[in-house]
Structures are given as structure tokens and as C-alpha cells.
Amino acid sequence: MAPTLSTTQFSNPAEVTDFVVHKGNGVKGLSETGIKALPDQYIQPFEERLINKFVNETDEAIPVIDMSNPDENRVAEAVCDAAEKWGFFQVINHGVPLEVLDDVKSATHRFFNLPVEEKCKFTKENSLSTNVRFGTSFSPLAEKALEWKDYLSLFFVSEAEAEQFWPDICRNETLEYIDKSKKMVRKLLEYLGKNLNVKELDETKESLFMGSIRVNLNYYPICPNPDLTVGVGRHSDVSSLTILLQDQIGGLHVRSLASGNWVHVPPVPGSFVINIGDAMQILSNGRYKSVEHRVLANGNNNRISVPIFVNPKPESVIGPLPEVIANGEEPIYRDILYSDYVRYFFRKAHDGKKTVDYAKI
Ligand SMILES: COc1cc(/C=C/C(=O)SCCNC(=O)CCNC(=O)[C@H](O)C(C)(C)COP(=O)(O)OP(=O)(O)OC[C@H]2O[C@@H](n3cnc4c(N)ncnc43)[C@H](O)[C@@H]2OP(=O)(O)O)ccc1O
Ligand SMILES: O=C(O)CCC(=O)C(=O)O
Ligand SMILES: [Fe+2]
């Protein structure tokens, strides 16, 4: 239900922050007050807005890969090529039932449409588990300018833990989405691993590449001045691989490694957007690239997206794989504890590709 506060009740920026961040209304609540101008704390520095700058000026596009015949060499080659040259690609005919995708999108809308009191049961302060967190922006206490996004973040431990702590309204659909995506994730990791001389995804490699799973349900409400802010600022993911389901609205942009231009990722019905994360960049000693991306805010439509972050286990030590440096290649990253790396990422504002410097030798 829409909050009944009138925008005139915000007499200063601190009241907006209190309403959005501390009272748990999120930017969705703020948007639904009918607010006509973007509050000051959402105004991004000029260089971060980048609206229309270097966007769509070329006909560059991230590859779209058809996985109908997943055992054909050309599919594996296309995936590895995209991972090296773009760090991003879309997949179609991936084998995940479209109904599962529709169901998790509906579940996302249902969660965000809950009354504030219900969503607030899952804020950092109130959640009964650190694995379930409802929040807004990315790291509001560390950010100079906030981001126009609310999220529910679910770290998967077990079905039993999810049964106990995840919100009822979206639990089953999210679990099904994870479960039905696993086969495709394994296949993608097999392609990427083989190309690095990893013969098979045995227990050790499985734990490094896909030892933990986090799913975020993202909600980007209509924004009064989308040109002045961002939905998500420039960042690379800290995952090994991210599987992103987006709706039909659009707004995700990827930095082209070839030109430096921002390239829009057009919604393709029934597809996933796949991207390489920092953990895979480190494991592959820089062969596969985790690439900067960002999401524009939208003045006309609400948007949702549902990324599955496929990660090493928090307790894994990650560094360039022995198979990669066996040929005498110099390691460019040191060994790091993965949970230290993720903590470092979460404790600062988005800052483009800087997180990975933490692991550089
Ligand atoms: C939210 O907007 C985002 C998110 C992203 C994410 C991109 C990714 O690639 S996510 C994949 C990350 N990988 C993993 O989660 C797997 C490994 N996980 C771990 O090692 C641990 O779960 C942990 C993340 C280190 C948390 O450990 P723990 O100490 O048990 O838990 P906390 O004390 O609650 O958290 C520590 C610290 O982290 C921050 N934080 C935790 N969870 C989240 C979350 N879901 N979202 C945001 N921040 C989180 C938090 O700041 C905690 O510090 P406090 O000072 O608040 O206590 C990309 C783009 C986006 O816009
Ligand atoms: O919403 C999107 O399209 C991308 C979100 C994203 O980059 C993230 O959650 O890491
Ligand atoms: Fe991301």
C-alpha cells in the first residue's frame, strides 16, 4: 500500500533518509509519496550520471548465445570468447523453464508490494538471520550519494534455513529459481573451466566456483529526476558468475572493454544476462574479465531484476588457479580469503573496478 506521507512533510534531507533508510520505506515508499523532485542525497556527481554520454553511439552489443545444443563446441567457444572480450553475454534456450522465471518475477513484485511493517521484519536490525536482508541503495552509511534501488538479499544455506528465515511470500519461487538454474550454471562453469585446463568440476573446483549462492531481488521504482541519479552505480560483481534475470524495462549498461563506451543490455524475453565476477577474474589470473556495469534510473516505469550470485564458499582461499599458472604465467593476484574480499566490497560505496585491486600483487 502507498505511504500516505505528503512530500511537504520532508523539510530537510535528514527526514528523507529517516523515512527511506531507517523507517524502511525504501525508495519505493518515497516514489509512492508522489515526490516531484529528487532529494539532494540522491544527486550523483556529474561524472557518475553519464546519461547519454558514450551510450548507444556505436552499434556494439554484448553477444547473445543460443544454448539449444549445449554440447556443441561452438557454444563453449562462444561463452569463453565472450568471457574474455566482454565479461558479459546473454543466453537463450538455456533450459530453465520460462514459468520458473515468470514465477520469481511475480514473487519479487509480491514481496515489494508488502506493507512496510512486513518488509521491515527483514532489515539488518530486525532480520532473524544475517543471511536475509531487506535494504536500500548499496551501502547507505558509506555512500556520499545514495542509489535509487531497494533490495532483498538472500544468502542460501539450506532449504531448512530458508524455510525458517526467508519471507514466505517469495521463498518457494526463489528456491525453485535457484534449483532450476543449477544445471545451466554448471554447464557454463564447465566451459569456462575446460578453457583454463581444469579437466573436471570435482568437489574442490565446485566449491571454488559455485560453493555459495546469493540471490538478490532488486526493485527500482519510478524516479522523479532519473538523469540526476543512478539505480546502481558503476561496479563489478564479486561473484564468480552472475546469472541475471531482468524484466522488459531495460536500463542495465555495460562498459565495453574494446571502446570504453557504455553499452545497453536490451531485454530479451526468456533470456538470462550472464556476467563474470571478480572471483572468476582472480581465479583465471585475469583471462576472464569482471566488467563494470551500472543501472540507470527510470522516470516512467518501475523495474525489477533478480541476480543469482554464484560464488566461492566464504571460507575458500582464492587466487590464480594452479592449472592457469602451470605454464609459467606470472600470477597477478595474491591468495585471499573470499569472505574478507566480500566484506571489503560491502563496506564501501560502489567504485567501479577498484575492488579487485584488493587482491592485486
Ligand atoms: C546490495 O546491492 C548490490 C549487491 C551486489 C552484490 C554483488 C555480488 O557479487 S554479491 C555476492 C557476494 N558473495 C557472497 O555473499 C558470498 C560470500 N559471503 C560471505 O562471505 C558472507 O556472507 C559475508 C557477505 C562476508 C557476510 O558475512 P557476515 O559477517 O556473516 O555477515 P554480516 O556481518 O551481516 O555482514 C558483514 C558486512 O557486509 C555487509 N553486507 C552483508 N550482507 C550484505 C548484503 N546482502 N547487501 C549489502 N551489504 C551486505 C554489511 O555492510 C556488513 O557490515 P555491517 O557494518 O553492516 O555489519 C552488487 C550491486 C549492488 O548494488
Ligand atoms: O538490475 C540489474 O540489471 C543489475 C543489477 C546488478 O548489477 C547487481 O545487482 O549486481
Ligand atoms: Fe552487478
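In each ligand, atom 1 is the first atom listed, and ligand 1 is the first ligand listed. Scope of the values below: all heavy atoms of this structure, side chains included, with no hydrogens, waters or symmetry mates.
In summary, the atoms of ligand 1 found under 4.0 Å from a heavy atom of Val232, numbered by their order in the structure, are 61 (O). The ligand atoms of ligand 2 that sit less than 4.0 angstrom from a heavy atom of Ser305 are 1 (O), 2 (C). Close approach of ligand 1 to Ser212 is summarised as follows: ligand atoms under 4.0 Å from at least one heavy atom of the residue are 16 (C). Of all atoms in ligand 1, listed by their number and element, those nearer than 4.0 Å to a heavy atom of His235 are 58 (C), 59 (C). Here is the list of ligand 2 atoms found below 4.0 Å of a heavy atom in Pro307: 9 (O). Within the listing of ligand 1, atoms 17 (C), 18 (N), 19 (C), 20 (O) sit less than 4.0 angstrom from a heavy atom of Pro314. Counting the atoms of ligand 1 from 1 in the order shown, those under 4.0 Å from a heavy atom of Asp237 are 9 (O). In the vicinity of Asn216, heavy-atom distances shorter than 4.0 Å reach the ligand 1 atoms 1 (C), 4 (C). The ligand atoms of ligand 1 that sit less than 4.0 angstrom from a heavy atom of His350 are 59 (C), 60 (C), 61 (O). Taking every heavy atom of Ser153 and a limit of under 4.0 angstrom, the matching atoms of ligand 1 come to 45 (N).
Looking from atom 17 (C) of ligand 1 to the surrounding protein, the closest heavy atom is Tyr338 CE2, 3.6 Å. Atom 31 (O) of ligand 1 has its closest protein heavy atom at Thr130 CB, 4.4 Å. From the protein, the heavy atom lying nearest to atom 11 (C) of ligand 1 is Asn311 OD1, 3.4 Å. Nearest protein neighbour of atom 4 (C) of ligand 2, counting heavy atoms only, is Val295 CG2, 3.6 Å. Atom 37 (C) of ligand 1 has its closest protein heavy atom at Arg347 NH2, 4.0 Å. For atom 15 (O) of ligand 1, the closest non-hydrogen atom on the protein side is Arg214 NE, 2.8 Å. When hydrogens are left out, the protein atom nearest atom 61 (O) of ligand 1 is Lys149 NZ, 2.8 Å; that is the closest non-hydrogen contact. Of the protein's non-hydrogen atoms, the one nearest atom 9 (O) of ligand 2 is Asn218 ND2, 3.3 Å. Distance from atom 54 (P) of ligand 1 to its nearest protein heavy atom, with residue and atom name: Lys124 NZ, 3.5 Å. Ranking protein heavy atoms by distance to atom 41 (C) of ligand 1, first place goes to Arg133 NH2, 3.6 Å.
Considering both main-chain and side-chain atoms, His235 comes within under 3.5 Å of ligand 2 through a nitrogen or oxygen pair. Where the criterion is an N or O separation shorter than 3.5 Å, residue side chain and backbone included, Arg343 meets it with respect to ligand 1. Between Asn216 and ligand 2, no N or O atom pair is found at a separation short of 3.5 Å. Looking at Arg303 next to ligand 2, an N or O pair under 3.5 Å apart turns up.
For Phe345 and Phe138, the gap between ring centers is short of 6.0 Å. Remark: aromatic rings of Trp148 and Tyr42 are close, center separation under 6.0 Å.
With a 4.0 Å cut-off on non-hydrogen atoms, Leu244 touches ligand 2 through its side chain and not its backbone. In Phe309, the part holding a heavy atom less than 4.0 Å from any atom of ligand 2 is the side chain. When heavy-atom distances to ligand 2 are checked against a 4.0 Å cut-off, Asp237 comes that close only through its side chain, counted from C-beta outward.
In the model, His235 has a side-chain atom that pairs as donor or acceptor with a side-chain atom of His293 under 3.5 Å. The closest side-chain donor-acceptor pair between Gln41 and Thr17 falls under 3.5 angstrom. Neither side chain, Lys289 nor Ser236, offers a donor N or O lying under 3.5 Å from an acceptor on the other. Side-chain contact, Gln246 with Lys105: no donor N or O sits under 3.5 Å from an acceptor N or O. No hydrogens or angles considered: a donor-acceptor pair under 3.5 Å links the side chains of Ser256 and Glu60. Under the 3.5 Å distance criterion, with hydrogens and angles disregarded, no donor-acceptor pair is assigned to the side chains of Arg133 and Thr123. Inspection of the Glu77 and Tyr191 side chains reveals no N or O donor paired with an N or O acceptor under 3.5 Å.
Note on Asp227 versus Arg49: no salt bridge recorded, every NZ/NE/NH1/NH2 to OD/OE distance being 4.0 Å or above. Under the 4.0 Å criterion applied to side-chain N and carboxylate O atoms, Glu315 and Lys313 are not assigned as salt-bridge partners. By the 4.0 Å N-to-carboxylate-O rule, Asp357 lies too far from Lys354 to be salt-bridged with it. Note on Glu323 versus Lys205: salt bridge recorded, some NZ/NE/NH1/NH2 to OD/OE distance being below 4.0 Å. A salt bridge links Arg110 and Glu173; the closest N-O separation between the charged side-chain nitrogens and carboxylate oxygens is under 4.0 Å. Using a cutoff of 4.0 Å between basic side-chain nitrogens and carboxylate oxygens, Asp351 and Arg234 are not scored as salt-bridged.
Clustering ILVMFWY residues whenever any of their side-chain heavy atoms sit less than 4.5 angstrom apart, transitively, puts Val64 in a cluster other than the one holding Leu245.
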Apply the test salt bridge (Lys or Arg N to Asp or Glu O under 4.0 Å) to residues Asp18 and Lys23: give CA-CA distance (whole Å), side-chain angles for both, the deciding distance (0.1 Å), then the verdict.
CA-CA 6 Å; Asp18 189 51; Lys23 298 227 164 70; 2.5 Å; yes
Could you please spell out the steps behind the salt bridge (Lys or Arg N to Asp or Glu O under 4.0 Å) verdict for Glu206 and Arg186?
CA-CA 9 Å; Glu206 198 169 293; Arg186 257 195 89 84; 2.3 Å; yes
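The two atoms that bring Arg171 and Trp166 nearest to each other are NH2-O, 3.6 Å, heavy atoms only.
Ligand 1 has no atom lying under 4.0 Å from any heavy atom of Gly277. Contact analysis puts Tyr220 in contact with ligand 2, with a non-hydrogen atom separation below 4.0 angstrom. Heavy-atom separations between His293 and ligand 2 include at least one value shorter than 4.0 Å. Not a single heavy atom of Ser139 sits closer than 4.0 Å to an atom of ligand 1.
Figure legend: Lys28 and Tyr219 shown as a cation-pi pair, the cationic atom lying under 6.0 angstrom from the six-membered ring centre and within 45 degrees of its axis.
Tally of protein N, O or S atoms closer to the Fe ion (ligand 3) than 2.8 Å: 3.
Using a 4.5 Å heavy-atom threshold, the side chains of Thr229 and Ile43 count as separate.
The protein does not reach atom 26 (C) of ligand 1 closely, with no heavy atom under 4.0 angstrom from it.
Among Leu192, Leu321, Ile276, Leu196, the single residue meeting the side chain to side chain contact (heavy atoms under 4.5 Å, CB included) criterion with Arg287 is Leu196.
Remark: among candidates Val238, Val157, Thr136, the nearest residue to atom 9 (O) of ligand 1 is Val238, based on non-hydrogen atoms.
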